Amino acid sequence: MKNPLFIVIFCTFSLLGNSQVSIDYYLPENITYNTSIPAPKQFFGHEIGEWHLTHDKLYYYMLELAKVSERAIWEEYAKSYENRPLGHLIISSPENIKNIEQLRQQHLLLCDPSKSAGVDITDMPVFIKLGYGIHGNESSAQNASVLVAWYLTAGEGKEIDELLQNAVILIDPSLNPDGMQRHTTWVNSTRSLNNNSDPSSWEFSETWPGGRTNHYWFDLNRDYLLLQHPETVGRVAAFHKWKPNINTDHHETGANETFFFQPGIPSRNNPLTPAKNYELTAEIGKYHEKYLNAIGSFYYTEESFDDFYVGKGSSYPDIFGSVGILFEQAGVKGHLRETTRGLLSFPFAIRNHVTVSLSTLEAGLKMKEKLLGNQRDFYKDALNQADKYPVKGFIFTEPTDNGRVSEFIKILQKHQIKVYRTNRDLVRDGIQYKASESFIVPLKQSSHLFIRSLFEPVKIFTDSTFYDISTWVLPMSFNIRYSGINLAKEMEGLTGQEVTDPVREGKLVSPDNPYAFIFEWSEYFAPKALFALQDAGIITRVSAERFVFDNPDLKKEFSFGTIVVPVSGQPVSPDELQETMKKLAEDCGIVIYGVKTGLTPGGIDLGSNRIMPLDKPSVAMVVGAGANSGDAGEIWHMLDTRFKIPVTMITAQGFGSADLDRYNVIIITGSPDLNNPVMENIRAWNRRGGTLIGFENGNNWLQRNKFAEIEFVPSVTNKKDSGVYANRSMDNQVQQIPGSIFEARLDLSHPLCYGYTRDLLPVFKSTSSAAKKNGNIYNNPVVYTKDPLLSGYCTKENIERIRGTAVASVHENRVISIYDNTNFRAIWYGTNKIFLNAIFFGQVVR
Ligand SMILES: [Zn+2]
């Protein structure tokens, strides 16, 4: 605090924290405002920064601006899970707003190399998107959007007019409305009238799960590539609709930091992102420097955060010819807070975000032709690069699972990647690609770089530290087999019709008056069908053996895990059952077969004891303090949105009074604070036949509390530590596994592996912990192979350590350990089934 500037600034913080802030504090001096546009204080009844705006207030203000201002329109692009609208307040000059569709069409021509050469970029606006607060509890971001929107719609003068004539500005005021609503409710309801800046105050510690994430507790700033949530699906569609030249992403970081703006750490740039992009980012940074210097705010660049993972708000645009920029403001998470740098106020945090919003706009205006030119060049280069690149396309197939292939293709298409059926059979890498069952993604298309980032494994890295995961090979997460096609000649005649319709329709294939219905468990959505039947009280069974039908109606082998539904003895009539089966087949996109007889020519018959009766799973999961909200949210989301399976979420405290016999499955994530009597109840329930599932770190809890004997492999020490003090944090991270893909071998006959058709499976591992196999050799159905690394960062020592360890084991009394995250970010469709099998078939493991 030697710097006198610091002292002045910190005194100012303190005053502002006591709610004396005025709007002049945030915005440029000497601006007059159109009084017919309501200022924030007029609309909300308080100045920005005095309270945390809830999402509804923020949204209605944006609508009001769109209603009263000729410069603005509101365009909704999605609704959150909790039905809150997401959209852009689109701001430009009144004339541009009248011609907005024409301007958009003209702008998109820059992304089409066959037309872009003829476009005059000197005579068109630049498109800039300002995006605020994807982490719902980073409120200074969303609150800043209001001030920027008011400034642009109400501000008067030559400078603003010039900006609006030359720019179309899309304000996305709250990227995660549900999380924002949770956080703001918390922080407004726990504050005192007189600000209490004590960092231990309740105000600064939201209750579990906090407002960072969306309704199902997902970090939406990882979903741009994965597209598993409505907020992102809408947002990415809107990105491609507008293709803004600059996309800002306003966040908060730790309370003791200053302010970060990109460029990030150069050694951790994604190698596929064009170098030009980083140059433009640095040039735009000069404007932030100028603006932040003017208000005396401290900042840093290049030291932290990276754009390696291209599925974030600031990195996704980079691989589509736009420039994404991350901002991180020290977070107050309340109204006024003591930090190691002095008092930090909410208005101060908001002002920094307003300031860099305005510096971004000036950069956009001054760099307009450079940015538009960059966009045009990017798409032209994409096709040139495709011509030079040795791989010409990726072919893929997964004939036994319509669900996974369909969902995989849908994601590609949402990224504007074109997918085609294939015209002829092909064998590549020992894989049979039958024309009727295979698809191809040619690399010569505008998303060339993005396709490569989705399909190509990476094992060599220039840096051993990652802000996020180190790999995201999409076909691996779907367990879909694929190959690169290396010769242009081989592509000739291979590409058939573009996929526009559903890949395959579900159907019932049955003679009249069948004796039983059967369906295969290899289909991703088979669990949805099974649960719906069980929920309707229909008797269902699962086969522990293979069997064959061979008659004119049906020639087919059925594998382990096939579901068998007898027609007789059901609570519904045969006709009603047939109707239910037909509906379920269509709804789940699966094929259900009716058969005339129980006698099979190969394998067991349908009346065999090896076709075992199933109980409907009734699932409880521990949530609340101690549980892992990420793991729990992924489980809740999967069961609820994809399979319509209810999961009762109970806090550690709630378990004290819950009737455990209502459930036959209990899931433990993290380290919940269950007391001894509750643990004894769970133990007794487990002995009575309940399935207890430990998920990821939940297994440490199972081990500690003696629910299972688990031996973890000690971590490896780094042999190449530099011994240099300044490098210690980097050295510490060398042996981390930041999220990499490994190969596991399956025992296809084990109930945890029912539905898998190949005995090798890519598994995602985002923790360096590893567990030894269970002593019972029959109960380690999923084990890492000898040479397991498929893609991503992992040291030799760790590869050695992981080989042969368990991904999943079954212990005594139906305690099941799933050590790695089979449900990671809702994108690991390939390993979800191991988890679902634990829920459905834990009961039949002997
Ligand atoms: Zn954030």
Side-chain angles (χ1 to χ4, degrees), residues 52-53 55 58 80 86 129-145 171-184 186-187 204-206 209-226 229 231-232 235 247-265 268 288 299-301 303-318 324-334 337 339 344 346 348-357 360 466-469 629-630 633 738-739 825:
H52 281 57
L53 289 181
H55 179 263
L58 177 75
S80 71
L86 292 110
K129 145 115 186 225
L130 306 173
Y132 298 93
I134 196 158
H135 296 133
N137 60 1
E138 299 178 353
S139 291
S140 59
Q142 301 98 334
N143 281 262
S145 75
I171 293 186
D172 198 333
S174 172
L175 304 171
N176 171 11
D178 297 346
M180 180 187 177
Q181 196 75 2
R182 277 207 304 281
H183 173 71
T184 53
W186 172 264
V187 83
F204 305 117
S205 55
E206 290 171 274
R212 176 182 172 87
T213 49
N214 77 345
H215 176 79
Y216 287 104
W217 316 330
F218 279 73
D219 185 337
L220 286 176
N221 199 31
R222 304 294 181 269
D223 195 46
Y224 284 85
L225 185 150
L226 318 172
H229 301 284
E231 297 93 336
T232 335
R235 181 146 54 240
N247 295 258
T248 65
D249 196 20
H250 297 256
H251 288 251
E252 286 183 1
T253 179
N256 296 319
E257 309 278 319
T258 59
F259 188 91
F260 169 86
F261 61 83
Q262 279 182 328
I265 298 176
R268 293 197 231 153
H288 311 319
Y299 49 80
Y300 65 105
T301 64
E303 227 183 287
S304 189
F305 306 105
D306 66 59
D307 269 354
F308 186 75
Y309 172 54
V310 295
K312 296 187 297 169
S314 61
S315 52
Y316 184 78
D318 292 346
I325 299 186
L326 172 69
F327 296 118
E328 296 273 357
Q329 159 64 38
V332 191
K333 302 278 192 287
R337 179 171 178 154
T339 74
L344 176 64
F346 187 41
F348 177 77
I350 296 172
R351 183 172 67 159
N352 284 339
H353 276 310
V354 172
T355 303
V356 294
S357 302
T360 300
F466 299 84
Y467 182 70
D468 198 70
I469 54 177
S629 65
R825 292 183 184 167

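As the structure is a computational prediction, the values presented were derived from the model and not from experiment. For reference, positions follow the sequence shown, starting with 1. Remember, it's 1-based here, ligands and their atoms both numbered in the order they're listed.
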Q: Run the salt-bridge test on Lys312 and Asp249 with the 4.0 Å N-O cut-off and return the result as yes or no.
A: no
Q) Between His250 and His353, how do the two ring planes meet: parallel, tilted or perpendicular, split at 30° and 60°? A)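 Ring orientation, 0 to 90° scale: perpendicular.
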So, of the N/O/S atoms that [X] has, which is the nearest one to the Zn ion (ligand 1)?
X: His135; result: ND1
X: Glu138; result: OE1
X: His251; result: ND1

**Q.** Tyr132: which of Ser145, Ser357, Ser139, Ser174 passes side-chain hydrogen bond (donor to acceptor under 3.5 Å, both in side chains)
**A.**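 So the option named by the test is Ser357.
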Q.
So, 2.8 Å as the limit: is an N/O/S atom of Glu328 located closer than that to the Zn ion (ligand 1)?
A.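 Under 2.8 Å: Glu328 has no N, O or S contact with the Zn ion (ligand 1).
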Q. Where do Ala330 and Ala255 come nearest, in terms of heavy atoms and distance?
A. CB-O, 3.7 Å
